[in-house]
Every structure is written in structure tokens, then in C-alpha cells.
Amino acid sequence: MAIYFYTPGDEYGFLSNFAPYGVALADTYWPTVEHYYQAQKFPHAPAHQAKIAQVRTPKQAKALGWQRSIPLRPDWEAVKDGVMATALRQKFHTHASLGERLLATGDEVLIEAAPGDYYWGCGADGTGQNRLGQLLMAVRSDLRSTTAG
């Protein structure tokens with residue numbers, strides 16, 4: 001069986017990057033994982049990063065991250081999975097109750113049911129790479145090994 005997630009208000013919505021669980025990383029508090037992730041596209045533009053950190057919603061953060069008036073860091077494609085993994089680890093370590101909920105998913109496959117995203121999600125037809133789900137399962141595995149000791 002698999003667990004599909006996408007909308008933050010749903011049963012497994014806490015897995016979403018848009019879920020309202022902030023993280024402190026890089027000397028800044030980010031209201032959501034999405035805020036942090038989008039800002040990391042622009043380490044050469046601290047004012048733009050600060051703007052992303054301050055917007056109210058993850059949707060606004062994503063829109064600022066997709067702006068191309070400021071160029072993406074040249075190594076973005078090479079580092080984006082690592083950036084996401086860092087944010088996810090911080091989210092589930094910061095919010096212990098979320099870590100417990102992630103562990104409670106057992107060995108189920110976690111799938112981001114993002115119809116328009118064939119990289120992070122499964123896409124509209126299920127053929128996407130589901131990188132977010134894969135990274136969440138890796139975080140779950142790490143949590144399991146640290147709590148089992």
C-alpha cells in the first residue's frame with residue numbers, strides 16, 4: 001500500500017512542504033520547508049532570500065522562487081535534492097510530534113500526489129520521480145535508526 005499526500009489540511013498533509021511547520025536553518029527562521037527551499041536558489045541575493053522568508057504563505061514563497069529576474073545559483077540542479085533533504089530532516093527533528101507521525105507510516109511508500117510535478121511528485125499520471133516521497137522515506141529511516149538505539 002502507499003500513502004498519498006499533497007494538501008496540507010489532509011490526513012497526511014503534514015508531509016507537505018506547504019504544511020505550516022517552520023524550521024530554523026542558515027541563521028533564519030523559515031515558516032515552512034517551502035520557504036527555505038525556494039530561498040536556497042538565491043544564496044547570492046540575500047535581500048531576495050529575506051523577502052522569501054518574510055512572505056506569509058508557501059505559495060508566495062514558491063512564486064518568488066520561480067521568478068527569474070534574479071538568476072538561479074548555477075549549481076542548483078546538483079544541490080536541490082540535498083537542500084530539500086536538509087530542510088526535511090530539520091522539520092522532523094524540530095517538530096517531534098511530526099517525527100512520530102512520520103514513523104507511524106511504517107514501511108508504506110510515501111507519494112506526493114502533485115499532479116503538475118513530475119520531479120518532486122508523481123505527476124498527473126503517476127510516472128513522476130516522486131523525489132519528495134523518496135526523501136521523506138529516507139528521513140523516516142534515519143529517524144527509525146536514531147530512535148531504535
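Computed from heavy atoms alone, side chains included, the values below leave out hydrogens, waters and symmetry copies.
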Next on the checklist: Between Q134 (side chain only) and Q129 (backbone N and O only), is there a donor and an acceptor less than 3.5 Å apart?
Outcome noted: yes
Checklist entry - Under 3.5 Å, is there a donor-acceptor pair between the side chain of S16 and the main chain of F18? => result yes
Checklist outcome for this item: Between the CH2 atom in W120 and the CG atom in D81, the distance rounded to the nearest 0.5 Å is 4.0 Å
Item to check | Step-by-step side chain to side chain contact (heavy atoms under 4.5 Å, CB included) determination, Y12 to E108 | outcome: CA-CA 12 Å; Y12 292 101; E108 300 297 334; over 6 Å; no
Item to check | E112 versus N130, closest heavy-atom pair with distance | outcome: N-OD1, 3.0 Å
Item to check | Partners meeting salt bridge (Lys or Arg N to Asp or Glu O under 4.0 Å) with K62 (sequence neighbours left out) | outcome: none
Checklist entry - Sequence neighbours excluded, which residues qualify as ring-ring contact (aromatic ring centres under 6.0 Å, His included) partners of F42? => result H48
Checklist entry - Say you draw a straight line from OG1 of T105 to CG of L136; how long is it, rounded to the nearest 0.5 Å? => result 8.5 Å
Item to check | Hydrophobic cluster identity match, Y29 and V23, side-chain contacts under 4.5 Å | outcome: no
Checklist outcome for this item: Heavy-atom nearest pair, A113 first then Y6, reads O-CG, 3.6 Å
Checklist entry - Between A53 and P31, which heavy-atom pair has the shortest distance, and what is it? => result O-CD, 3.5 Å
Checklist entry - Counting only heavy atoms not in Y4, do more than 12 sit closer than 6.0 Å to its OH atom? => result no
Checklist entry - Do R140 and L15 come within less than 4.5 Å of each other through their side chains, counting heavy atoms only? => result no
Next on the checklist: Can you give me the closest heavy-atom contact between A2 and I111, atom names plus distance?
Outcome noted: CB-CD1, 3.7 Å
Item to check | Exam field: side chain T127 to backbone D125, donor-acceptor pair closer than 3.5 Å | outcome: no
Item to check | Separation of T86 OG1 from L25 CG (nearest 0.5 Å) | outcome: 7.0 Å
Checklist entry - Within a strict 4.5 Å, meaning less than it, do heavy atoms of the E11 and F5 side chains meet? => result no
Item to check | Donor-acceptor under 3.5 Å (R73 side chain, H44 main chain) | outcome: no
Item to check | Atom of P58, atom of T32 and distance for their closest heavy-atom approach | outcome: CB-OG1, 3.7 Å
Item to check | Euclidean distance, H35 NE2 relative to T28 OG1, rounded to 0.5 Å | outcome: 12.0 Å
Next on the checklist: Would you say that more than 12 heavy atoms from the other residues, nucleotides or ligands in this model lie under 6.0 Å from the NZ of K51, or not?
Outcome noted: no
Checklist entry - What are the two closest non-hydrogen atoms of V109 and M137, and how far apart are they? => result CA-SD, 3.7 Å
Checklist outcome for this item: d(Y36 OH, Q90 CD) to nearest 0.5 Å is 9.0 Å
Checklist entry - For N17, which residues count as a side-chain contact (heavy atoms from CB on, under 4.5 Å) partner, sequence neighbours excluded? => result V33, E34, M84, L88, L132
Next on the checklist: Rounded to the nearest 0.5 Å, what separates atom CD in Q49 from atom CG in L64?
Outcome noted: 12.0 Å
Item to check | Residues Q38, W66; criterion side chain to side chain contact (heavy atoms under 4.5 Å, CB included); working and verdict | outcome: CA-CA 8 Å; Q38 295 298 335; W66 280 83; 4.2 Å; yes
Checklist entry - So, do Y37 and K80 sit near enough that their side-chain heavy atoms are less than 4.5 Å apart? => result yes
Checklist entry - Any side-chain heavy atom of H93 within less than 4.5 Å of one from L143? => result yes
Checklist entry - Do R131 and D117 meet the salt-bridge criterion of a basic N to acidic O distance under 4.0 Å? => result no
Item to check | Donor + acceptor pair across side chains of Q60, T57 (<3.5 Å) | outcome: yes
Item to check | Non-hydrogen side-chain atoms of V83 and W76 separated by less than 4.5 Å | outcome: yes
Checklist entry - So do S97 and F14 actually touch side chain to side chain, heavy atoms under 4.5 Å? => result no
